Amino acid sequence: MKFIGYSFLSTFIAIFVFISCNDQTTGTDSDTNGDSGNGPHPSQFNHTLSPGSSNEAFITDTDFDQLIVEVQYMPGSAPTNGSLDNLKEFLETHLDKASVILLDPVEIPSGGQDAYSAEDVRDLEKQHREQFTDGSTLASYAIFLDGEFSTRNVLGIAYYNTSTAYFAETIHRISGGIGQPSRSAIESTVFNHEYGHLMGLVNNGTDMQHDHHDSDNGAHCTVEECLMYFSVNTTDFFANLFGGSVPELDEFCVADINALK
Ligand SMILES: [Zn+2]
Ligand SMILES: [Zn+2]
């Protein structure tokens, strides 16, 4: 893993602020109406609920013992293999699934925009998504866009109950250069964080076993070392936190998840 220099730490501070800001918007951006379940891919399962509302579908094996993650990307925006491997491990660790399958990423045409709004992302999913929940298999969707979010510097969003989006132009801009974290480390952090929101964290579908909800900052955790932490003010925190690796869920977030199993 890369050496963590000052700029690395600074970058991660920025990342956390950015993913946090974004989630606060999308996490409360409930979209429960529309064409769910009645489109070209009939399904009893509603894929257009708000993030966190299918927390039990993700966490338990009661209704779904298998999870598939469909990954699509626009040209030049494919995620690293490392981040895909890390996401699979993260999901296998925290979800009660007999199997977690990340499908091979598939390229889709560019949307041709410099920036994409949450509504643009929803439209793109409607256009391109191919995997839907069926039988005992829960389907999730991740799309990598070749632009920025409409709110600049946002790296990723959770925008439906099974859907997440990542903004490759922004990710590439702050990773992989001299003194910058690796692209895999940033993607993994954002990937896992957004899937944490799909699991109903924090206090957004999944009940808390202890009070650790940073309610001033949306659906985030009060524990500074946690993957679901909102933001920080000191580089010392990151020096302790990262040690060169992607942050994990802290014991409170883990306890919330495990209480459902
Ligand atoms: Zn967040
Ligand atoms: Zn936490």
Side-chain angles (χ1 to χ4, degrees), residues 11-31 49-55 58-59 83 86-87 90-91 93-95 118 121 140-144 148-167 170-171 174 185-233 237-238 240-243 245-261:
T11 304
F12 259 118
I13 290 172
I15 292 167
F16 259 66
V17 170
F18 298 153
I19 53 181
S20 300
C21 292
N22 131 65
D23 290 326
Q24 196 155 8
T25 301
T26 58
T28 56
D29 190 5
S30 175
D31 185 354
L49 301 175
S50 58
S53 58
S54 292
N55 61 323
F58 275 93
I59 293 169
S83 68
N86 286 341
L87 177 64
F90 176 77
L91 296 173
T93 299
H94 295 293
L95 306 181
V121 174
S140 177
Y141 182 70
I143 180 171
F144 281 73
E148 301 192 283
F149 190 48
S150 50
T151 303
R152 190 176 151 80
N153 290 329
V154 167
L155 296 173
I157 58 173
Y159 60 93
Y160 279 147
N161 52 327
T162 68
S163 304
T164 58
Y166 307 88
F167 301 92
T170 314
I171 292 171
I174 62 167
I186 290 190
E187 285 175 353
S188 292
T189 302
V190 185
F191 238 152
N192 294 359
H193 181 96
E194 302 308 338
Y195 272 82
H197 284 305
L198 297 190
M199 298 175 202
L201 299 173
V202 170
N203 199 24
N204 188 36
T206 296
D207 291 340
M208 291 187 294
Q209 303 303 302
H210 309 273
D211 182 12
H212 64 112
H213 182 193
D214 181 5
S215 52
D216 290 341
N217 294 306
H220 292 106
C221 182
T222 54
V223 176
E224 295 184 349
E225 293 80 9
C226 182
L227 175 69
M228 301 310 292
Y229 190 60
F230 166 59
S231 68
V232 297
N233 294 320
F237 162 72
F238 281 93
N240 293 331
L241 169 60
F242 284 101
S245 59
V246 175
E248 306 276 350
L249 293 175
D250 78 303
E251 60 181 313
F252 294 141
C253 283
V254 171
D256 295 352
I257 290 171
N258 288 343
L260 283 174
K261 292 177 179 176

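Everything quoted here is computed from the prediction, not taken from an experiment. Ligands are counted one by one from 1 in listed order, and the atoms in each one are counted from 1 as well. Below, each value reflects all heavy atoms present in this structure, side chains not excepted, and no hydrogens, waters or symmetry copies.
Among the backbone and side-chain atoms of C221, an N/O/S atom is found under 2.8 Å from the Zn ion (ligand 2).
Restricting H197 to its N, O or S atoms, the one at the least distance from the Zn ion (ligand 1) is NE2. The Zn ion (ligand 1) is closest to atom NE2 of H220 (considering only N, O or S atoms). Looking only at its N/O/S atoms, D250 has OD1 as the one nearest to the Zn ion (ligand 2).
Counting heavy atoms from C-beta on, the side chains of V223 and Y229 never come closer than 4.5 Å.
A donor and an acceptor atom, one from each side chain of S140 and Y195, are located under 3.5 Å apart. Between the side chains of H94 and N258, no donor-acceptor pair is found at a separation under 3.5 Å.
In this structure, the ring of F149 has its center no less than 6.0 angstrom from the ring center of Y166.
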